[in-house]
Amino acid sequence: MTATDRSVQLVRVAAEAAADKLADDILAYDVSDQLVITDAFLLCSASNDRQVRAIVDEIEERLRLQADAKPVRREGEREGRWVLLDYIDIVVHVQHEEDRTFYALERLWKDCPSISLPDSVAQAAAQRARRAVSE
């Protein structure tokens, strides 16, 4: 079984929203063969709690406007270190970079196929990397 077209669409919209708010290490996995509760995970991180919240807000707004999707569950918002957005078809994890390193969700899902993200996501990451080198 593979992630549905709807799940892939949600992942791509959420990834673009995260990239626009300068999220780091944006990855998506098709977990449909491993889990019955969702099709895909989107992982991203930020350097501080405030940025985590900004990324979460942008993802929610874009998914609502572009895909008519609202989360059925939202966890971790108060602390702003690891916010989980459950859209049933996809689960979005926005983590503070320290938590991302510590929990290393990528290790858990590394055997699952990755979902390709829009070119704009990779271009945004490359642009930030170039800026960081020149500073």
Side-chain angles (χ1 to χ4, degrees):
M1 193 162 131
T2 60
T4 64
D5 290 342
R6 170 76 172 161
S7 298
V8 172
Q9 174 201 16
L10 295 176
V11 162
R12 290 183 175 173
V13 169
E16 286 182 323
D20 286 350
K21 288 297 179 180
L22 308 178
D24 293 316
D25 300 322
I26 304 169
L27 301 171
Y29 293 102
D30 179 340
V31 296
S32 60
D33 281 342
Q34 304 295 321
L35 298 173
V36 295
I37 58 171
T38 193
D39 280 351
F41 278 173
L42 178 72
L43 312 174
C44 64
S45 53
S47 59
N48 60 63
D49 302 355
R50 190 175 180 180
Q51 188 181 9
V52 167
R53 287 186 187 95
I55 293 166
V56 166
D57 290 345
E58 187 68 16
I59 289 171
E60 282 190 309
E61 183 175 341
R62 293 266 190 96
L63 284 173
R64 184 175 49 78
L65 294 174
Q66 294 180 18
D68 194 31
K70 293 179 184 172
V72 295
R73 192 175 72 190
R74 194 177 185 182
E75 294 184 13
E77 186 178 20
R78 186 176 311 159
E79 297 82 23
R81 304 263 323 158
W82 179 350
V83 179
L84 179 145
L85 300 172
D86 183 352
Y87 285 88
I88 298 177
D89 295 323
I90 70 168
V91 174
V92 178
H93 298 270
V94 183
Q95 297 176 290
H96 190 286
E97 59 191 22
E98 291 170 359
D99 292 354
R100 175 91 180 259
T101 301
F102 182 79
Y103 290 102
L105 294 178
E106 301 88 311
R107 276 197 334 242
L108 295 173
W109 306 108
K110 68 180 181 202
D111 294 334
C112 294
S114 60
I115 296 173
S116 64
L117 301 176
D119 290 340
S120 60
V121 173
Q123 290 167 354
Q127 235 175 6
R128 281 197 312 281
R130 280 194 300 274
R131 266 190 250 128
V133 168
S134 67
E135 292 176 352

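Hydrogens, waters and symmetry mates play no part in the numbers below; they use all other heavy atoms, side chains included.
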Practice problem: Verify, without hydrogens or angle tests, whether Asp25 (side chain) and Ser45 (backbone) share a donor-acceptor contact under 3.5 angstrom. | Solution: no
Quiz item: Under a 4.5 Å side-chain heavy-atom rule over Ile, Leu, Val, Met, Phe, Trp and Tyr, are Val31 and Val92 clustered together?
Solution: no
Quiz item: Do Val13 and Tyr29 share a hydrophobic cluster, counting only Ile, Leu, Val, Met, Phe, Trp and Tyr and linking them when any side-chain heavy atoms are less than 4.5 Å apart?
Solution: no
Exercise. Kindly compute the distance separating CD1 (Ile88) from CD1 (Ile37), expressed to the nearest 0.5 Å.
Key: 10.5 Å
Quiz item: Between the side chain of Thr38 and the main-chain N/O of Asp89, is any donor-acceptor distance below 3.5 Å?
Solution: yes
Exercise. Compare every heavy atom of Gln51 with every heavy atom of Ala23, then report the nearest pair and how far apart it is.
Key: N-NE2, 4.1 Å
Quiz item: What's the shortest heavy-atom distance between Ser7 and Asp39, and which atoms?
Solution: OG-OD2, 2.9 Å
Self-check item: From CZ (Arg62) to CZ (Arg12), nearest 0.5 Å
Solution: 15.5 Å
Quiz item: Between the side chain of Asp30 and the main-chain N/O of Pro113, is any donor-acceptor distance below 3.5 Å?
Solution: no
Quiz prompt | Pair Asp57 + Arg74: basic N to acidic O under 4.0 Å | solution = yes
Practice problem: Quick one: do Leu84 and Arg73 satisfy side-chain contact (heavy atoms from CB on, under 4.5 Å)? Show the steps, please. | Solution: CA-CA 8 Å; Leu84 179 145; Arg73 192 175 72 190; 3.7 Å; yes
Quiz item: Looking only at heavy atoms, what is the nearest atom pair of Cys112 and Gln34, with distance?
Solution: SG-CG, 3.5 Å
Quiz item: Do NZ/NE/NH1/NH2 and the carboxylate oxygens of Asp24 and Arg100 come within less than 4.0 Å?
Solution: no
Exercise. Would you check if Tyr103 and Leu43 make a side-chain contact, meaning some heavy-atom pair closer than 4.5 Å?
Key: no
Quiz item: Are Ile26 and Val11 in one and the same hydrophobic cluster, where Ile, Leu, Val, Met, Phe, Trp and Tyr link if side-chain heavy atoms are under 4.5 Å apart?
Solution: yes
Quiz item: Between Arg64 and Glu60, is there a side-chain N and carboxylate O pair less than 4.0 Å apart?
Solution: no
Quiz item: For the atom pair CG (Leu85) and NZ (Lys70), what is the distance rounded to the nearest 0.5 Å?
Solution: 14.5 Å
Quiz item: What's the verdict on side-chain contact (heavy atoms from CB on, under 4.5 Å) for Arg81 and Asp49, showing C-alpha distance, side-chain angles and the deciding distance?
Solution: CA-CA 6 Å; Arg81 304 263 323 158; Asp49 302 355; 3.7 Å; yes
Quiz item: Rounded to the nearest 0.5 Å, what separation is found between the CD atom of Gln95 and the CD1 atom of Ile55?
Solution: 11.0 Å
Quiz item: Does the pair Leu35 and Trp109 meet the rule for a side-chain contact (heavy atoms from CB on, under 4.5 Å), with working shown?
Solution: CA-CA 11 Å; Leu35 298 173; Trp109 306 108; 3.7 Å; yes
Quiz item: Hey, mind stepping through Asp5 and Gln9 against side-chain contact (heavy atoms from CB on, under 4.5 Å) and telling me if it holds?
Solution: CA-CA 6 Å; Asp5 290 342; Gln9 174 201 16; over 6 Å; no
Quiz item: For the residue pair Lys21 and Ala54, what are the closest heavy atoms and their distance?
Solution: CG-O, 3.9 Å
Quiz item: Out of curiosity, does Leu10 fall in the hydrophobic cluster containing Val8 (side-chain heavy atoms, cut-off under 4.5 Å, transitive links)?
Solution: yes
Quiz item: What is the distance from atom CG of Leu63 to atom OH of Tyr87, rounded to the nearest 0.5 Å?
Solution: 4.5 Å
Practice problem: Keeping the roles fixed (side chain from Arg6, backbone from Ala67), state whether a donor-acceptor pair exists under 3.5 Å. | Solution: yes
Exercise. Just say parallel, tilted or perpendicular for the rings of His93 and Phe41, cut-offs at 30° and 60°.
Key: perpendicular
Quiz item: Minimum heavy-atom separation for Ser120 to Glu16, with atom names?
Solution: OG-OE2, 3.1 Å
Quiz item: Which of these, Leu42, Val52, Asp99, sits in a side-chain contact (heavy atoms from CB on, under 4.5 Å) with Val94?
Solution: Val52
Quiz prompt | Heavy-atom closest pair, residues Ala15 and Leu117 | solution = CB-CD2, 3.8 Å
Quiz prompt | Distance (rounded to the nearest 0.5 Å) between Ser32 OG and Ile90 CD1 | solution = 13.5 Å
